[in-house]
Amino acid sequence: MLSKSLAAIGTVTVAAGAGLPSLAFAQQQAATQAQFAVNGPFRRSTVAEIARKLAASAYVAPDDSLPEVLQNLSYDQYRDIRFRPERSVWYDRKLPFQLQLFHRGLYYNQPVEVALVADGQATHLAYDPELFTAGPLIPGPIPKEDIGFSGIRIHGPINSPDYYDEIAVFQGASYFRSLGKGEVYGLSARGLAIKTADPEGEEFPAFRAFWVETPSEAADTIVVHALLDSPSTTGAYRFTLRPGMPTQIDVEAQLFPRVDLVKVGLAPGTSMFFFSSNDRRDIDDFRPKVHDSDGLLMVTGRGERLWRPLANPQELQISAFVDTAPRGFGLIQRDRDFKSYEDLEAAYERRPSLWVEPLGDWGTGAVTLIEIPTDSEVHDNIVAYWAPREKIPAGSEYSFSYRMAWGGDPAAALGSATVASTMSGRALGFGDTDIRLFVIDYAFAPGVDRAALGEAKATVNSYKGAVRNVVVRENAITGGIRLSFQLDPAGEALIELRALLTFEQGPPAETWVFRWTS
């Protein structure tokens, strides 16, 4: 437990109102003490002050024990505990946003504290069983004592002016996700990644408390503050959400490391890639593609655009794209055609892309892509983040900020060509062979006048493997360009491929990069 010198301790007293616990229940909870999201003054620096003090002490894991009725819930049982929409915070005030809470249970056993902020004051939001309905699958009454929540979700009229859609969720460790207008949830983001894919095991920092600012009647943004904690570091985060197409989230973060951070990932995104037209090895599925994201897009500090199609490898793969002051990176769902997925329930064509734009100079490091083998679409097996080259020393204070865009493909530079799809398979005419055929389709922005096919160059980083028969032709069906080549691996197990399409006039196409494995 924290000492009082590390964080102010306050009692739980909450005024009655829509979305808040009843006055009678709040009085019953008056003896309950919160560690972080307490009643009292709140200013922009409050969470950083708590995180700084917390980092000065040894890490203490939160008590994640649950009452018996919530232990060992199945997925369907957990879903049978639902928040009452009419109890949403600000429900009766007709503000541009509403706040709902998640119950604890299933994978979400760690308690999260929540406070509302208005007029420079924070008010702790106590758990109340009357905020939820418990269906027949729950084996008994849900708890009456203040067990906290497992997360929060923000609602707002993103698709129509008279309906409050779910537009952002913060739940589970430091995970959060959002979407743009007309989309459905797909990939997620995290506050921080530590030791991802490390043989010693990954560390998962968690948001321990949230402070949600009450929006004004005319607001088009909502602000959420979060306290992050883990054995290695604490952190203070400020999220400014602006829903739309895309939905933008500005992130301001301060880290207070307890130890040297040498395997840390900033602005991590987590997604799923099962199979696609560039790899259907051992796939027996009626759907052509299954993925939340189909590629990693990066714009380097020099302005080069890199497109890396994702893969579901046989073994864990880690790729690092070294750069200085990157302009942006993200996991992109570029294919928006239903016929590419044929999934009426999952609607993969409506999954959001996530684009990260650093604000300020992030120095030297690497956009890191981790691809983990998976045999199912239920697992998130793709991670991408920025890894600083220099360690973040223990006892220091490290600040960084970035803008996230949850929506479609980020706008390409005027006149540039983007990779629309990547396809591969056994090269025809060679019988039973290891020679592979790669086909890359490029698309142009509407209205771009393309006078020539351009010149293509494909290379490998291999002493034995070789590229043959590089061909560029017009794709009369799409109005774009198709580049194809054959790869002879010559017994190599891993080859890095690179293809570049240039034009006499105008910028080159995105640089296509790919890691082929046997």
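- Side-chain atoms of Thr247 do not come within 3.5 Å of backbone N or O of Trp406 as any donor-acceptor pair.
- Environment of OH in Tyr107: sparse, with no more than 12 heavy atoms of neighbouring residues, nucleotides or ligands closer than 6.0 Å.
- One N or O on the side chain of Ser396 and one on the backbone of Pro393 form a donor-acceptor pair closer than 3.5 Å.
- Under 4.0 Å is where a charged nitrogen must lie from a carboxylate oxygen, and between Glu166 and Arg153 at least one such pair does.
- Side-chain atoms of Arg436 do not come within 3.5 Å of backbone N or O of Thr433 as any donor-acceptor pair.
- No side-chain donor-acceptor contact under 3.5 Å links Asp229 to the backbone of Ala206.
- With hydrogens and angles ignored, the 3.5 Å screen pairs a side-chain donor or acceptor of Glu510 with a backbone N or O of Val419.
- Put simply, the side chain of Ser293 never gets that close to the backbone of Gly295: no donor and acceptor are under 3.5 Å apart.
- The 12-atom threshold is exceeded at CD of Glu202, counting heavy atoms of other residues, nucleotides or ligands nearer than 6.0 Å.
- Looking at Asn381, its side chain never comes within 3.5 Å of a backbone N or O of Thr374 through a donor-acceptor pair.
- Using the six-membered ring where Trp is involved, Phe207 and Tyr237 have ring planes that are perpendicular, over 60° apart on the 30 and 60° scheme.
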Please test Thr324 against Thr364 for side chain to side chain donor-acceptor pair (under 3.5 Å), starting from the C-alpha separation and ending with a verdict. CA-CA 4 Å; Thr324 299; Thr364 300; 3.0 Å; yes
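- Ion pair Arg287/Asp285 flagged as a salt bridge, since at least one NZ, NE, NH1 or NH2 atom sits closer than 4.0 Å to an Asp/Glu carboxylate oxygen.
- One N or O on the side chain of Ser424 and one on the backbone of Asn278 form a donor-acceptor pair closer than 3.5 Å.
- Here Tyr398 pairs with Phe400 under the ring-ring contact (aromatic ring centres under 6.0 Å, His included) rule; sequence neighbours left out.
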